[in-house]
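Report on the structure given below.
Along the sequence shown, residues carry numbers from 1.
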Amino acid sequence: MATPARTPRLRAWMLEGLTDRPGQHAQTGTAHEGRPWWRVMCLTGLDYFSTLGYQPGIAALAAGLLSPLATIVLVVLTLFGALPVYRRVAEESPHGEGSIAMLERLLSFWKGKLFVLTLLGFAATDFLITITLSAADASAHLVENPHLTSTLHGHEVPITLLMIALLGAVFLKGFSEAIGVAVVLVATYLGLNVVVVAVGLWQVATEPHVVADWTQALTAEHGNPFMMIAIALVVFPKLALGLSGFETGVAVMPHVHGDPDDTEVRPAGRIRGTKKLLTTAAVIMSVFLICSSFVTTLLIPADEFKAGGEANGRALAYLAHEHLGSAFGTVYDVATILILWFAGSSAMAGLLNLMPRYLPRYGMAPHWARALRPMVIVFTLIAFLVTWLFDADVDAQGGAYATGVLVLITSAAVAVTIAAKRAGERGWTIGFGIISAVFVYTTAVNVVERPDGVKIGACFIAGIMALSLLSRLARVFELRVTHVELDDMAQRFVRDTANRTIRFIANEPDRRDKAEYRDKVEQIREDNDIPPGDDVLFVEVTVLDPSEFESGLKVRGEVLHDRYRVLTLESSTVPNALAALLLHVRDGTGQRPHIYFEWTEGNPMTNFLRFFLFGQGEVAPVTREVIRAAEPDRARRPHVHAG
């Protein structure tokens with residue numbers, strides 16, 4: 001008897017906070033209560049600032065001696081490219097959907113849905129690889145610590161899996177205190193980095209030969225300064241991981257506390273706070289990127305950056321041990337491990353904010369996908385798979401991470417360019433257009449040099465599309481109507497027939513002339529033996545966007561040709577709209593209404609595909625099936641007739 005009692009409790013816990021409202025998703029605890037922008041900055045900073053754990057090493061491997069110059073190019077693009085773009089994105093999409101929501105408005109029907117699913121695939125690549133790469137780098141810092149290398153070497157994969165599991169456990173518990181933890185971790189980590197970078201700069205300043213040796217090597221390797229700048233411009237796309245914080249910065253917007261007079265449509269206080277968040281984070285990160293790139297390039301031997309070297313994936317940690325001793329180095333390692341482990345929380349928060357806003361609304365995810373905990377389990381399991389496939393290798397995941405980041409930033413740049421053009425802002429349109437061109441170039445170079453990133457992104461896209469279409473197919477017979485509203489005339493029609501048999505005739509509107517309705521009535525009466533004196537109401541459904549899954553239903557009544565009463569409906573699908581109307585009339589009148597159809601001509605499979613893709617086709621049997629799925633009690637189902 002114990003097992004049956006536990007199962008409902010487990011289900012209730014898993015689906016806690018599940019909402020039926022389209023476009024919304026569940027949260028547990030107080031995760032989305034407003035917090036000051038600087039505290040939320042620490043949440044996104046878990047992802048952004050934690051890249052200091054591996055970014056200097058990646059820059060040194062990609063650009064060699066030119067790493068500081070390439071990093072300066074990256075910083076210029078950060079402050080004068082990505083930052084203005086995402087400040088505009090925050091204005092245009094203040095609920096955390098980012099550029100995907102902006103671009104969704106430009107396209108309709110299935111092409112819009114498929115485009116959004118493609119961008120969601122790259123977003124999933126970005127956020128999920130953030131989780132796995134950060135955990136893998138945390139494992140690398142743990143394993144490479146001088147006190148633990150002999151014990152933990154070779155166990156990177158299980159350690160990474162354990163860290164991802166712990167992160168998932170935090171979200172399963174509720175995540176309500178995560179922002180407070182983020183503030184402590186970010187403040188500690190940045191403080192330790194200030195010490196390491198300051199000691200490194202002091203080391204460079206007190207040993208002038210270090211700078212001289214570097215400049216001589218640069219001149220010998222690359223020639224004149226113009227050639228150095230040109231090469232830096234070419235190689236800087238390899239440093240794209242340093243741009244990773246902007247997408248998460250927008251994704252966590254719902255956490256930002258707004259003004260008391262903020263509205264859902266225009267939360268001005270939240271937008272203003274998010275702009276401060278993005279700007280402050282970008283400035284802090286830019287300073288650290290330049291300084292860390294400079295000191296690591298000058299003070300660490302080039303061979304140590306390569307695979308197997310002590311600075312591979314942990315350049316600043318190498319300096320901490322080398323110049324501040326083993327004790328400080330270990331403290332730095334602990335702080336780095338913690339922030340890298342918890343960096344996945346901002347990515348997980350982004351996934352939980354983004355995916356449930358689209359997939360369930362498109363009918364492309366199960367209903368439980370609006371609940372937080374089941375989605376946490378799904379994302380955690382996918383992160384396990386990615387970690388196993390990449391063998392917890394930081395360098396191997398860098399290409400996929402950079403591709404996801406750059407595709408999303410490029411889409412954001414294009415979205416704000418279009419928004420500025422539509423708003424008639426010529427100067428901003430030109431500026432954002434130039435930024436878009438730069439990011440298109442950067443993305444293209446990254447794709448050519450690291451095609452594995454596109455391949456991994458394509459796997460995520462293919463997986464999302466396949467599962468989405470299967471889910472939509474599985475849910476095709478759901479009612480899919482969120483609410484039904486009848487205008488005054490429609491209500492009068494229903495009231496007039498409520499004291500006798502309620503009969504509807506489903507009509508596909510054509511010319512809508514008198515002959516059409518007269519012939520339809522005669523045919524339906526003859527096919528179904530309806531007594532001549534019984535009243536009938538015509539029902540006509542106009543399909544708007546068949547790619548939409550859920551929508552409200554507004555019913556308008558009108559009298560045509562002074563005789564025929566017609567209820568007109570607008571919906572994404574004919575059968576589901578008719579089923580929703582019948583059930584609504586039954587509940588309002590207490591009678592089981594009748595509806596009459598003509599059988600659809602043609603191949604049943606072709607007609608079903610027409611229904612699946614375009615919302616019409618096999619109307620009569622599908623309407624009956626939708627009613628059957630919505631009302632398990634056969635004695636309460638409206639009657640469906642086809643002749």
Side-chain angles (χ1 to χ4, degrees), residues 13-14 25-32 40 42-51 53-54 123-143 152 155-186 188-189 244-245 247-248 251-252 255 313 333-356 371-394 397 400-401 404 460:
W13 179 78
M14 288 292 292
H25 62 289
Q27 295 291 337
T28 58
T30 56
H32 273 200
V40 181
C42 292
L43 179 62
T44 187
L46 291 169
D47 171 26
Y48 199 18
F49 300 143
S50 68
T51 58
Y54 47 82
T125 303
D126 179 8
F127 290 138
L128 279 166
I129 298 294
T130 296
I131 295 170
T132 58
L133 185 145
S134 298
D137 199 48
S139 301
H141 279 77
L142 186 64
V143 171
L152 299 179
H155 297 85
E156 289 84 356
V157 172
I159 293 172
T160 303
L161 292 175
L162 176 61
M163 290 187 176
I164 293 172
L166 290 173
L167 180 68
V170 171
F171 276 84
L172 288 176
K173 189 175 186 303
F175 195 55
S176 60
E177 303 302 324
I179 291 181
V181 175
V183 171
V184 174
L185 285 177
V186 167
T188 303
Y189 183 66
S244 65
E247 197 65 33
T248 50
V252 299
H255 294 277
D333 280 340
V334 171
T336 305
I337 290 165
L338 289 174
I339 195 170
L340 283 169
W341 164 66
F342 212 53
S345 64
S346 60
M348 184 73 83
L351 283 169
L352 294 172
N353 181 56
L354 197 62
M355 295 296 178
L372 183 145
R373 290 188 175 107
M375 295 303 290
V376 169
I377 293 174
V378 170
F379 294 140
T380 302
L381 292 176
I382 296 174
F384 283 172
L385 177 62
V386 171
T387 298
W388 175 69
L389 291 175
F390 283 99
D391 201 29
D393 189 323
V394 175
Q397 298 177 70
Y401 188 22
F460 277 106

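- When all heavy atoms of Gly404 and Asp126 are compared, the pair lying nearest together is C-CB, 4.0 Å.
- Considering only residues two or more places apart in sequence or on other chains, Ser134 meets the side chain to side chain donor-acceptor pair (under 3.5 Å) condition with none of them.
- Residues Ile129 and Thr132 are in side-chain contact: their nearest non-hydrogen atoms beyond the backbone lie under 4.5 Å apart.
- Shortest non-hydrogen contact noted between Tyr189 and Phe49 is CE2-O, 3.5 Å.
- Taking each heavy atom of Leu43 and Ser345 in turn, the nearest pair found is CD1-OG, 4.2 Å.
- Checked against side chain to side chain donor-acceptor pair (under 3.5 Å), Ser50 has no partners two or more places apart in sequence or in another chain.
- Atom CG in Leu340 sits 9.0 Å away from atom OG1 in Thr51 (nearest 0.5 Å).
- Considering OH of Tyr48 and OG1 of Thr130, their distance stands at 13.0 Å, rounded to 0.5 Å.
- In this structure, the separation between CG on Leu46 and CG on Leu338 is 11.0 Å, given to the nearest 0.5 Å.
- When all heavy atoms are compared, the tightest approach of Ala138 to Trp341 is CB-N, 4.0 Å.
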Throw together a table of side-chain donor-acceptor distances under 3.5 angstrom for residues 159-171, partners on residues two or more places apart or in other chains.
| unit_1 | atom_1 | unit_2 | atom_2 | d |
| --- | --- | --- | --- | --- |
| Thr160 | OG1 | Ser139 | OG | 2.8 |
| Thr160 | OG1 | Glu156 | O | 2.8 |

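- Checked by atom type and distance alone, the side chain of Thr188 never pairs as donor or acceptor with a backbone atom of Leu185 at under 3.5 Å.
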Pairs under 3.5 angstrom only: tabulate donor-acceptor contacts from the side chains of residues 374-391 to other protein residues two or more places apart or in another chain.
| unit_1 | atom_1 | unit_2 | atom_2 | d |
| --- | --- | --- | --- | --- |
| Thr380 | OG1 | Val376 | O | 2.7 |
| Thr387 | OG1 | Ala383 | O | 2.9 |

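- Contacts of Asp333 classified as side chain to side chain donor-acceptor pair (under 3.5 Å), with partners at least two apart in sequence or in another chain: Asn145, Arg314, His321.
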